[in-house]
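Read through the structure below, which is laid out as structure tokens, and then see the notes.
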Amino acid sequence: MPELPEVEIVTKRLRELIVGKTIIKAQLIRAGLSPENSPRQFAASLKGARVEDVARRGKHILARLSNGRTLIIHLRMTGRFIYLDREAENTPHTHAVLWLDDGKKLLFDDQRHFGLMMVARTAELDRVKYLSKLAPEPFSPEFSPEYLRDTLKRSSQQIKLALLDQTKVVGLGNIYASEALHRAKINPRLPAKRLSQPRVVLLRKEILAVLGEAIANDNQFDVETGDLDSSYGRYDHVARVYEREGQPCSVCGAPIRRITQGARSTYYCPRCQRR
DNA sequence: ACTAAAGCCTGGCTGC
DNA sequence: TGCAGCCAGGCTTTAG
């Protein structure tokens, strides 16, 4: 499911719901969810820990615990958290459960089994393979026009593919990469190194704009389902090209085109994004 | 070193 | 209705 804005909102929800709570019991139901930890180790390293903070790094969620460890979570395509009463039934694809001292349980549900968790020592977080190579956060000073220019200058990849590379830019996925390029009027097939400096500056600005708008487009936590992100389709409100093949471009009216890059769909306006 | 392609899983939708 | 084939918002591993 999620790219940076969706992960940001799930992170915020988790922070509101579980910071200060203690995990009284943890269970890893599908071992493959956390391949770096055995189910026993997973349960033992979470039990009794209080959640100190929940933060986001790229598309990863980091829950810092009172016992010197951090629970790292990646939702990938279909992973989601569900916050329910302790007595409630698990969902059909529950792969891990955290029981909290507030009478609730937090389920990790993942239909496609792509999601990942890892319990790591907080002091060694920088060395965790999932995190160590990530690019700077888009909203940090390190994600400067100079950084982006230098990074793209060294890549002969098509710009759309370079934007999906989390070692170059974090947080963009297939939707927001297409959207940022459309806003910046850049052809998705253009080799990254051929972008002029002013166009890099504009691209950076539009990346921040589209991510910011999607984050601002928050919705209410649905207590009924307990799903921390029940807003599938939030991106609809900011998407101008994604899944709009054949529809008129909101800027010039030309029909939006769909092409394949890296075995994935890219949507763009052939007139606005000629080069 | 880089880049492209295959692979991981399940389920929903489309067209025959 | 049944079924094959395609598609899905991510990332890693393998091959070149």
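As a basis for the values below, the full set of heavy atoms in this structure was taken, side chains included, without hydrogen atoms, waters or symmetry mates. The shown structure was predicted, so the numbers you read here are calculated from the model rather than taken from an experiment.
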N/O donor-acceptor pair, side chain Arg264(A) with base dA8(C), under 3.5 angstrom: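 In this structure, the two groups form no donor-acceptor pair.
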First encountered from the 5' end of DNA chain C, between Gln111(A) and Lys129(A):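 Upstream on the strand: Gln111(A).
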Whole angstrom value for the distance that separates [atom2] of [N] from [atom1] of [X]:
| X | N | atom1 | atom2 | value |
| --- | --- | --- | --- | --- |
| Tyr242(A) | dC7(C) | OH | C1' | 10 Å |
| Ile215(A) | dG9(C) | CD1 | P | 20 Å |
| Arg112(A) | dC7(C) | CZ | P | 13 Å |
| His60(A) | dG9(C) | NE2 | C1' | 15 Å |
| Arg240(A) | dG9(C) | CZ | C1' | 19 Å |
| Glu3(A) | dA8(C) | CD | P | 13 Å |
| Ile61(A) | dG10(C) | CD1 | C1' | 14 Å |
| Leu172(A) | dG10(C) | CG | P | 10 Å |

Carboxylate-amine/guanidinium proximity below 4.0 Å for [X] and [Y]:
| X | Y | result |
| --- | --- | --- |
| Asp227(A) | Arg80(A) | yes |
| Arg64(A) | Glu52(A) | no |
| Glu137(A) | Arg57(A) | yes |

So, is [X] close to the [N] phosphate, meaning a side-chain N or O under 4.0 Å from OP1 or OP2?
| X | N | value |
| --- | --- | --- |
| Thr78(A) | dG11(B) | no |
| Gln166(A) | dC11(C) | yes |
| His93(A) | dC9(B) | no |
| Ser155(A) | dT3(B) | yes |

Please give the distance between the [atom1] atoms of [N] and [M] as a whole number of Å.
| N | M | atom1 | value |
| --- | --- | --- | --- |
| dG9(C) | dT3(B) | C1' | 23 Å |
| dC7(C) | dA5(B) | P | 16 Å |
| dC11(C) | dA1(B) | P | 23 Å |
| dC9(B) | dT14(C) | P | 14 Å |

Whether Phe114(A) stacks on the six-membered ring of dC8(B) base, 5.5 Å and 30° limits: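 According to the criterion (under 5.5 Å, under 30°), yes, Phe114(A) stacks.
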Any-strand Watson-Crick or G-U partner of dC9(B), both distances under 3.5 Å: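 None - no nucleotide pairs with dC9(B), as no candidate has both distances under 3.5 Å.
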Quick one: which of [options] gets closest to the side chain of [X]?
| X | options | value |
| --- | --- | --- |
| Glu6(A) | dG9(C), dA8(C), dT3(B) | dG9(C) |
| Arg76(A) | dG10(C), dG9(C), dT3(B) | dG10(C) |
| His74(A) | dA4(B), dG11(B), dC11(C) | dC11(C) |

Which atom of Asn174(A) lies closest to which atom of Leu164(A), heavy atoms considered: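 That closest heavy-atom pairing would be N-CD2, 3.6 Å.
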His93(A) and His113(A): CA distance, side-chain angles, deciding distance, ring-ring contact (aromatic ring centres under 6.0 Å, His included) verdict: CA-CA 9 Å; His93(A) 305 288; His113(A) 298 200; 7.0 Å; no
Heavy atoms of other groups near Lys153(A) NZ, more than 12 under 6.0 Å: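 Counting other residues, nucleotides and ligands, NZ of Lys153(A) exceeds 12 neighbours.
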